[in-house]
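Down below is the structure, laid out as structure tokens.
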There are 2 protein chains.
Amino acid sequence: MAKTDRFGYKISMSMLLQKCTEAGLKITDQRKVILKVLEESEDHPSVETLCERARQVDSSISIATVYRTLGLLNELGLVLKHDFKDSSARFEVDHGHHYHLVDTETGQVVEFQSEELVALINKIAADLGYQMVDHTFEMFGHKLKK
Amino acid sequence: MAKTDRFGYKISMSMLLQKCTEAGLKITDQRKVILKVLEESEDHPSVETLCERARQVDSSISIATVYRTLGLLNELGLVLKHDFKDSSARFEVDHGHHYHLVDTETGQVVEFQSEELVALINKIAADLGYQMVDHTFEMFGHKLKK
DNA sequence: GTGCTTTTTGCGAACCATTCGCATAAACTT
DNA sequence: AAGTTTATGCGAATGGTTCGCAAAAAGCAC
């Protein structure tokens, strides 16, 4: 049975690698390792963290290669780059768009999607005379008391 | 008649300076110049741009002071810091809540409000069982070709 | 497989926005 | 005016990210 995420998107290494070859990229050992590490990461690792994890598999991998690989994957739309306020960029495999609601009391992160939200922001952009190509949205809140 | 921004918020230098003294900060010529330049900026200038503008009034102002002043004002909540994707941070006097659409081709920032968006995200939070207390939202796009 | 061409790699140096250390110079206090 | 505190300008340091280059590996044709 194929592995899927909570929204039902199928994810697989071979699919990621296929996309890379389709884009004319060569499949190197380093890229395979980095992709695998990224795909297995449940969190949103920084480049440095990612590099450390990759080095545990192949200690010769340099951070420059990690940067280059992530840049490439990001251009292909396979990987999402997040610029959180506190310094360095963080990455995750793009498993389909979802948003985050951070519980301000527990720190827990709730993921959700909303077609309605996507539709509305596209409409807002269009009303302003723009074609939206990207957006960021994050919520902070606490559980409703009954 | 008091000057107001496009959303009707009253803004004034003296108010900003008063907040600074209340916070125990000394009012220096540099701070007055930086504050004035920021307050008169209709755009969302980068630190470097801000520094250039300030230097036209007082050429001895250093970029380190501009950074320090903006950091201070940001801590006081008088100034908003935005980390748009394109490298350097950009600032604006806090005139109340609105959103930003960044033109990916020109770097220009379009401001907008949407009651509909506010209503929708509150509803989304409520549906998830949460009371929203804060959120971030930013759009990136380019002008529609006709 | 063996060549040949193109892409990728690791390394360190370069880059760039931002921050720091420090001695000097202002601002507030009395 | 004198004393205390905070702010400034300078240049050097920092830290994440990118670049240049020669060496290594990948893909392709035979």
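Naming: A, B, ... by sequence-line order, numbering from 1 per chain.
With values rounded to the nearest 0.5 angstrom, A:M139 atom CE is found 5.0 Å from B:I124 atom CD1.
Rounded to an integer number of Å, the gap from CG of A:L17 to P of C:dT8 is 14 Å. In this entry the distance linking CG of A:N74 with P of D:dT18 reads 11 Å, nearest Å. One can place CG of A:L25 at 14 Å from C1' of C:dT9, the figure rounded to the nearest angstrom. Atom CD in A:E22 sits roughly 15 Å away from atom P in D:dG27 (whole-Å rounding). Taking atom NZ on B:K26 and atom P on D:dG3, their separation rounds to 16 Å, with Å as the unit.
Place B:V47 and B:I27 on DNA chain C by their nearest nucleotides, and B:V47 ends up nearer the 5' end. Residue A:G24 is the one, among A:G24 and B:E48, whose nearest nucleotide of DNA chain C lies closer to the 5' end (criterion: closest heavy atom).
Taking every heavy atom of residues 49-72 of chain A and every atom of DNA chain D, pairs under 4.0 Å involve A:A64, A:Y67, A:R68, by number.
Phosphate proximity of D:dG9 to B:Q30: present, with a side-chain N or O under 4.0 Å from OP1 or OP2. Distances shorter than 4.0 Å separate some side-chain N or O of B:R31 from OP1 or OP2 on D:dT8.
Salt-bridge check for B:D43 with B:R53: passed, with a basic side-chain N closer than 4.0 Å to an acidic carboxylate O.
Side-chain contact between A:V93 and A:L78 is absent, with no heavy-atom pair separated by less than 4.5 Å. Under the 4.5 Å side-chain criterion, counting only non-hydrogen atoms from C-beta, B:V109 is not in contact with B:D103.
A:Y99 and A:H135 have their aromatic ring centers within a separation under 6.0 angstrom.
Ring-plane geometry between A:F112 and A:F137 is classed as perpendicular, the angle between the planes exceeding 60 degrees on a 0 to 90 degree scale with a lower cut at 30.
Taking only side-chain atoms of A:T28, from C-beta outward, the nucleotide of C:dC28, D:dA7, C:dT8 with the closest atom is C:dT8.
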